[in-house]
Amino acid sequence: LSVMENVAFPLREHTKLKNKQVREKVVDALTSLGLNASDADKFPSELSGGMRKRVGLARALMLEPQILIYDEPTSGLDPHTSRMVDDLIEETRERFGITSVVISHDMTSTFRIAHRAFLLIEGKVAAAGRPDELVDPSVNKIFYDFVTASGIAWDRVSRPPAPHP
């Protein structure tokens, strides 16, 4: 499928919009995520990894969901593109008012975008809270050990402001 066909798929399956309306919505979504209208006529194989992530996000936004679930969104990406994806997740949350649930082993990403983090071990919650609070070994030694083992300098990673109550 082309980018247009891929992003339009949810609209074609779940709405009765005319072709012109579908195209307009797809182009609007692509441009709002930093892609060009001409990218709609390309195939995913012609796009960079970061551009493909944006196309996937555009498709996910077509039906205006309240919650988006990202499964390892930075997996297989270089550090620069991974941070770009982090920024895109935050920007999407802010711009569209969407709750994001991000499943990730990328601790840098976790510290950059998570308002709350949950560490699962053997299917059970071993830690829950703000990452910058949980990394204190007196608060949660398991989380601290996990983050320390990841090798990131967590105290140097920019974190989002606390969410509004």
Side-chain angles (χ1 to χ4, degrees), residues 1-131 157-165:
L1 298 177
S2 69
V3 168
M4 172 61 69
E5 293 164 331
N6 198 318
V7 176
F9 186 79
L11 294 173
R12 297 207 188 284
E13 289 294 310
H14 299 286
T15 72
K16 294 183 190 298
L17 295 174
K18 305 277 187 223
N19 285 337
K20 182 179 179 190
Q21 294 170 302
V22 168
R23 182 162 182 82
E24 287 172 0
K25 283 185 78 74
V26 169
V27 169
D28 285 348
L30 293 174
T31 56
S32 76
L33 294 170
L35 295 166
N36 297 314
S38 61
D39 292 325
D41 298 320
K42 294 180 180 176
F43 288 91
S45 62
E46 299 175 278
L47 304 175
S48 70
M51 291 172 79
R52 283 193 294 262
K53 296 282 185 181
R54 290 173 186 269
V55 168
L57 185 54
R59 178 177 167 156
L61 292 170
M62 283 294 94
L63 298 177
E64 301 175 10
Q66 294 178 354
I67 300 171
L68 277 180
I69 298 175
Y70 301 83
D71 188 8
E72 298 286 354
T74 59
S75 178
L77 298 177
D78 64 83
H80 175 69
T81 306
S82 293
R83 302 306 63 96
M84 184 186 70
V85 170
D86 291 344
D87 293 343
L88 186 59
I89 291 169
E90 277 295 287
E91 183 182 315
T92 301
R93 183 186 60 76
E94 288 287 325
R95 182 185 294 167
F96 299 101
I98 292 174
T99 297
S100 296
V101 176
V102 182
I103 301 158
S104 182
H105 289 89
D106 181 344
M107 287 292 92
T108 300
S109 181
T110 299
F111 275 88
R112 286 195 76 229
I113 66 173
H115 292 131
R116 289 190 48 83
F118 297 84
L119 175 63
L120 300 177
I121 298 177
E122 297 180 7
K124 294 188 171 74
V125 176
R130 284 188 51 84
V157 176
S158 63
R159 291 179 285 281
H164 304 291

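Considering all non-hydrogen atoms of both residues, Pro73 and Ile89 come closest at CG-CD1, 3.9 Å. Of all heavy-atom pairs between Ile121 and Ala126, the closest is CD1-CB, 3.8 Å. The two residues Leu47 and Met51 come nearest to each other via the heavy atoms CD2-CE, 3.6 Å. Closest heavy-atom contact between His115 and Arg130: O-CG, 3.2 Å. Across every non-hydrogen atom of Thr110 and Pro131, the tightest pair is O-CG, 4.1 Å.
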Practice item. Run the numbers on Asp39 and Lys42 for salt bridge (charged side-chain N to carboxylate O under 4.0 Å, His left out), then give the verdict. Key: CA-CA 5 Å; Asp39 292 325; Lys42 294 180 180 176; 3.2 Å; yes

Exercise for review: Kindly indicate, with the supporting measurements, whether the criterion side chain to side chain contact (heavy atoms under 4.5 Å, CB included) is fulfilled by Val26 and Arg59.
Suggested key: CA-CA 8 Å; Val26 169; Arg59 178 177 167 156; over 6 Å; no

Practice item. Go through Asp28 and Lys25 one step at a time and tell me if the side chain to side chain contact (heavy atoms under 4.5 Å, CB included) criterion holds. Key: CA-CA 5 Å; Asp28 285 348; Lys25 283 185 78 74; 5.6 Å; no

**Study point:** side chain to side chain contact (heavy atoms under 4.5 Å, CB included) evaluation trace for Arg112 with Asp87
**Key:** CA-CA 9 Å; Arg112 286 195 76 229; Asp87 293 343; 2.7 Å; yes

Review point. Which is it for Leu120 and Val125 under the side chain to side chain contact (heavy atoms under 4.5 Å, CB included) test, yes or no, and what are the steps along the way?
Key: CA-CA 5 Å; Leu120 300 177; Val125 176; 3.6 Å; yes

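Of the inter-residue distances, the one linking Glu5 atom CD with Phe9 atom CZ reads 11.0 Å to the nearest 0.5 angstrom. Rounding to the nearest 0.5 Å gives a distance of 12.5 Å between CG of Leu88 and OG1 of Thr74. Separation of atoms CE (Met84) and CG (Asp78) is listed at 8.5 Å; rounding is to 0.5 Å.
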In a table with atom names and distances, give each donor-acceptor pair under 3.5 Å that connects a side chain of residues 61-72 to protein atoms at least two apart or in another chain.
residue	atom	partner	partner atom	Å
Glu72	OE1	His105	N	3.4
Glu72	OE2	His105	N	3.4
Glu72	OE2	His105	ND1	2.4

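Within the 3.5 Å criterion, the main-chain N or O of Ser32 finds a donor-acceptor partner in the side chain of Arg95. Side chain of Ser104 to backbone of Asp106: a donor-acceptor contact under 3.5 angstrom is found.
For residues 46-56, the set of pairs meeting the side-chain hydrogen bond (donor to acceptor under 3.5 Å, both in side chains) definition, not counting sequence neighbours, is empty.
Salt bridge status for Arg83 with Asp86: present, with a side-chain N to carboxylate O gap under 4.0 Å.
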